[in-house]
Amino acid sequence: MRRLNFILIFIAILMIVLLARIYFLSIKSNTYYEELSKQNYIKRVYIAPSRGIIEDRNGIPLAINNLGFSITIKPNLRSYKNKDKLLEIIDFITKHFPEYDKDELLKKYKRLDSAYKHDYVQLIDYIAYDDFFSKFTLFNSIEDIKVEPAVKRYYPYHNIASHVIGYVGKSSKKDIEENELSKYSGIVGKNGLEKYYNKKLQGELGYKDVKVNALNKELEILEEKKPKEDNTLKTTIDIELQKYIQDNFNHKSGAVIVMNAQNGELLAAASFPEYDNNIFVGGITQKEWDAMRNSFDHPFTNKLVNGLYPPGSVHKMGVALALLENGIQPDYTVYCNGELQIGNRKFRCWKTTGHGTVNFRKALRESCDDFFYKASLKVGISKIANTLEKYGFGQETGVDQINEFIGVNPSKEWKKERYNQPWYIGETVITSIGQGYTLVTPMQVARYTAFLATGKLPKPHFYKDNYEEPVEIPTKPRYLRIIRNGMYDVANEELGTASKHIKSKIKIAAKTGTAQVISIPQSEKKRMKESELEYYHRSHAWLNTYGPFDDPQYVVVALVEHGGHGGSAAGPMVTKIYNKLHELGYIKK
């Protein structure tokens, strides 16, 4: 009896276990296997949005998407039984498009295909619409070839504003890790506005859930979400003005900036020499890359924000304000006899015979170095550097370009940290005229010039939504009047250093600058003329301006590398730019 009970209990337990297992398999696991089965026949296909158009301020396209077609081939054709079919397909493609190499296409297919791949393999990512359209039906009739719409980024103005606009390139593995959408679009912004605003320009992914059969053939679209494409970027650039500046820069190297002095909008900004952005879209050749990289004119450098230069005499207005802010009286004068002796070294003024008695206004008008030498020694480098920092020296401007450099606003503390060396008074002297360790970018000079014109530091920007209210810098109005009057004289009075070269319809204020590339030996008794120096040893020429003088609206800054004197190198071009601003209706007086 006991043995019978044991058998009955064992049978009961076994029945319970079996019933529990049946329950789990038929009910509890149903959801899991249902989801698993969906994966067998429902495929999510992501849809990349079209990249946003970049426009100038008047709606003229600066970066667009050209329509074309891509060619993809059925996967898993590498097997022995299919290899003849694969070769036939590649022969067919190269017959109609002989510019593609048969062996290269075969290598590409083998690299991208695998035994586990179900999606078609893209062999050619873009053929222009006009080149392909007549052959569309022919290609579409072949079962193992799939032709799909494709786009390619195109820059209609080629090398105009190329550094600012930037370019796109093929997504790298790193790009895809940092930005999943670039995996589906295949491209990503690599430079300029294309990179800075890449997230806005690329839009947002869409998708569609597709029912497929065991052969991966699409049967039905179950759900679809269109990609978000509200991604046009309207810039502050006037491409007509930009083109005009390029036409008048005459194949020199350097930079030009035209900025609204009141709000920081950049109407034009060019780094010369420019290059055609289109060469980067499909991949630049090694030969093209080497030519750009090895050029002494550095075409690949965006000189607007990555070019570092001694400011020369365009620095003097900031130094003059620093002197006034730190105890030097507005009626202060020095007697310039052409040089200042400190120890065994002579610090020479550019005018070897001297300027005679010089005050602030005359020092700016005639760019007297000796005035700044002597006044700077009374104030010292620490106070000068602290004041210049307020005007944006050694600071980012915040402009919407990538990897902006901050330059160098030297001080005792900076030199100690950088070189672990003490500061010498001779370094204060050369810093006062924008030489020595001081380095600036053209964008910093443009922003600082806007401050001189308005008393406020604007944030330079190419996209209106990047606007910020200008920062007011507390400065006594009478100090700014002294600076502005000196700059007026530079462009309008007979002894002004730019007056012979600026003949604009607009009354402007200006300052010339000659920034030495090499130092002049103490043994050199008479300064050589710039024209006597080898080209790459000649000084850089600066001209920073604002106008109209009595109602500052725009800043124009020009830097001509190895141009010598700022007035002669840049004055005629800056004159034309102000006249063009008047012609285009930006300046109405």
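These figures come from a predicted structure and were not determined experimentally.
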Is the shortest side-chain heavy-atom distance between Glu493 and Leu495 below 4.5 Å? no
Is the backbone of Gly398 close enough, under 3.5 Å, to the side chain of Glu404 for a donor and an acceptor to pair up by distance? yes
Please verify the inter-ring angle class for His158 with Tyr154; under 30° counts as parallel, over 60° as perpendicular, anything in between as tilted. perpendicular
Do Thr475 side-chain atoms and Ile473 backbone N/O form a donor-acceptor pair below 3.5 Å? yes
Working to the nearest 0.5 angstrom, can you tell me the gap between Ile433 CD1 and Thr514 OG1? 10.0 Å
Test item: Asn277 side-chain N/O and Ser162 main-chain N/O as donor-acceptor pair under 3.5 Å: yes
Can you check whether Asn58's main-chain N or O pairs, donor with acceptor, with Asp56's side chain at less than 3.5 Å? yes
Do you know the tightest heavy-atom contact between Tyr155 and Glu194? OH-OE2, 2.7 Å
Check against side chain to side chain contact (heavy atoms under 4.5 Å, CB included), Asn420 and Lys416: CA-CA 4 Å; Asn420 195 28; Lys416 185 70 175 174; 3.3 Å; yes
Taken to the nearest 0.5 Å, the spacing of Ile508 CD1 from Thr575 OG1 works out to 6.0 Å
Any side-chain heavy atom of Cys336 sitting closer than 4.5 Å to one from Tyr373? no
Decide whether Glu417 and Tyr419 meet the rule of one side-chain donor and one side-chain acceptor closer than 3.5 Å. no
Heavy atoms, side chains only, cut-off 4.5 Å: are His298 and Lys303 in contact? yes
Kindly determine whether Ser367 and Ser313 satisfy side-chain hydrogen bond (donor to acceptor under 3.5 Å, both in side chains), including the steps that lead there. CA-CA 7 Å; Ser367 205; Ser313 293; 3.1 Å; yes
Just by modelled atom types, is the Ala453 backbone N or O under 3.5 Å from a matching donor or acceptor in the Arg484 side chain? yes
Non-hydrogen side-chain atoms of Phe405 and Leu439 separated by less than 4.5 Å: no
Distance col, row Phe371:CZ vs Cys349:SG, nearest 0.5 angstrom, shows 12.0 Å
Please examine the side chains of Leu201 and Ile54, heavy atoms only from C-beta on, and report whether any two atoms are closer than 4.5 Å. yes
Any luck finding a side-chain donor-acceptor pair between Glu427 and Tyr437 under 3.5 Å? yes
Leu480/Leu321 under side chain to side chain contact (heavy atoms under 4.5 Å, CB included): CA gap, chis, key distance, verdict: CA-CA 8 Å; Leu480 280 174; Leu321 282 171; 4.1 Å; yes
Verdict with supporting geometry, Tyr554 and Tyr578, ring pair (Phe, Tyr, Trp, His ring centres under 6.0 Å): CA-CA 9 Å; Tyr554 291 94; Tyr578 275 102; 8.3 Å; no
Pair Arg51-Asn198, side-chain donor/acceptor within less than 3.5 Å: yes
Ring pair (Phe, Tyr, Trp, His ring centres under 6.0 Å) for Phe462 and Tyr197? Distances and angles first, verdict last. CA-CA 11 Å; Phe462 291 100; Tyr197 291 110; 9.4 Å; no
Minimum heavy-atom distance Val556-Thr545, with the two atoms named: O-OG1, 2.8 Å
Locate the shortest heavy-atom distance separating Val319 from Leu388; write the atom from each residue and the value. N-CD2, 3.9 Å
Could you tell me how the ring of Tyr275 sits relative to the ring of Tyr167: parallel (under 30°), tilted (30 to 60°) or perpendicular (over 60°)? perpendicular
Under 3.5 Å donor-acceptor, Gln401 side chain and Asn191 backbone: no
Electrostatic pair Glu55-Lys234, nearest N-O below 4.0 angstrom: yes
Under 3.5 Å, side chain of Lys456 to main-chain N/O of Leu452, donor-acceptor pair present? no
Side chain to side chain contact (heavy atoms under 4.5 Å, CB included) for Thr454 and Gln262? Distances and angles first, verdict last. CA-CA 7 Å; Thr454 67; Gln262 303 292 333; 3.7 Å; yes
Indicate yes or no: at least one non-hydrogen side-chain atom of Ile381 is less than 4.5 angstrom from one of Tyr424. no
Enclosure of Gln421 CD (heavy-atom neighbours >12, cutoff 6.0 Å): yes
Are Met443 and Leu266 packed together at the side-chain level, in the sense that at least one heavy-atom pair is separated by less than 4.5 angstrom? yes
Go through the steps to decide whether Glu583 and Lys580 satisfy the test salt bridge (Lys or Arg N to Asp or Glu O under 4.0 Å), and finish with yes or no. CA-CA 5 Å; Glu583 177 191 322; Lys580 189 69 174 178; 3.1 Å; yes
Closest heavy-atom contact between Ile587 and Gly547? CD1-O, 4.5 Å
Give a yes or no answer on whether the side chain of Lys415 reaches the backbone of Pro422 with a donor-acceptor pair at less than 3.5 Å. yes
Quick check: are there more than 12 heavy atoms from other residues, nucleotides or ligands sitting under 6.0 Å from NZ of Lys390? yes
Would you name the heavy atoms of Ala498 and Leu543 that are closest together and state the gap between them? CB-CD1, 4.4 Å
Do Tyr157 and Gln246 pass the side-chain hydrogen bond (donor to acceptor under 3.5 Å, both in side chains) test, and can you show the C-alpha distance, the side-chain angles, and the key distance before you say yes or no? CA-CA 11 Å; Tyr157 286 88; Gln246 177 142 327; over 6 Å; no
Enter the distance from Asp369:CG to Lys316:NZ here, rounded to the nearest 0.5 Å. 4.0 Å
Less than 4.5 Å apart, any side-chain heavy atom of Pro458 and any of Tyr467? no
Tell me, with the steps shown, if Ser253 and His562 meet side chain to side chain contact (heavy atoms under 4.5 Å, CB included). CA-CA 8 Å; Ser253 297; His562 312 293; over 6 Å; no
Gln444 side chain vs Gln395 backbone, donor-acceptor pair below 3.5 Å: yes
Please walk me through it: do Tyr448 and Phe393 pass ring pair (Phe, Tyr, Trp, His ring centres under 6.0 Å)? CA-CA 8 Å; Tyr448 145 78; Phe393 290 94; 4.8 Å; yes
How many angstroms lie between OG1 in Thr428 and CD1 in Ile384, if you round to the nearest 0.5 Å? 6.5 Å
So which atom in Val429 and which in Ser376 form the shortest heavy-atom distance, rounded to 0.1 Å? CA-OG, 4.1 Å
Interatomic distance, CH2@Trp542 vs NZ@Lys511, rounded to 0.5 Å, equals 13.0 Å
So His501 and His565, would you call those rings parallel, tilted or perpendicular, with 30° and 60° as cut-offs? tilted
Looking only at side chains, do His461 and Asp400 share a donor and an acceptor under 3.5 Å apart? no
Is it true that atom NZ of Lys200 has more than 12 heavy atoms of other residues, nucleotides or ligands lying nearer than 6.0 Å? yes
When the ring planes of Tyr391 and Phe451 are compared, do they come out parallel, tilted or perpendicular, using 30° and 60° as the limits? parallel
Is there a donor-acceptor contact under 3.5 Å from the side chain of His163 to the main chain of Ser271? yes
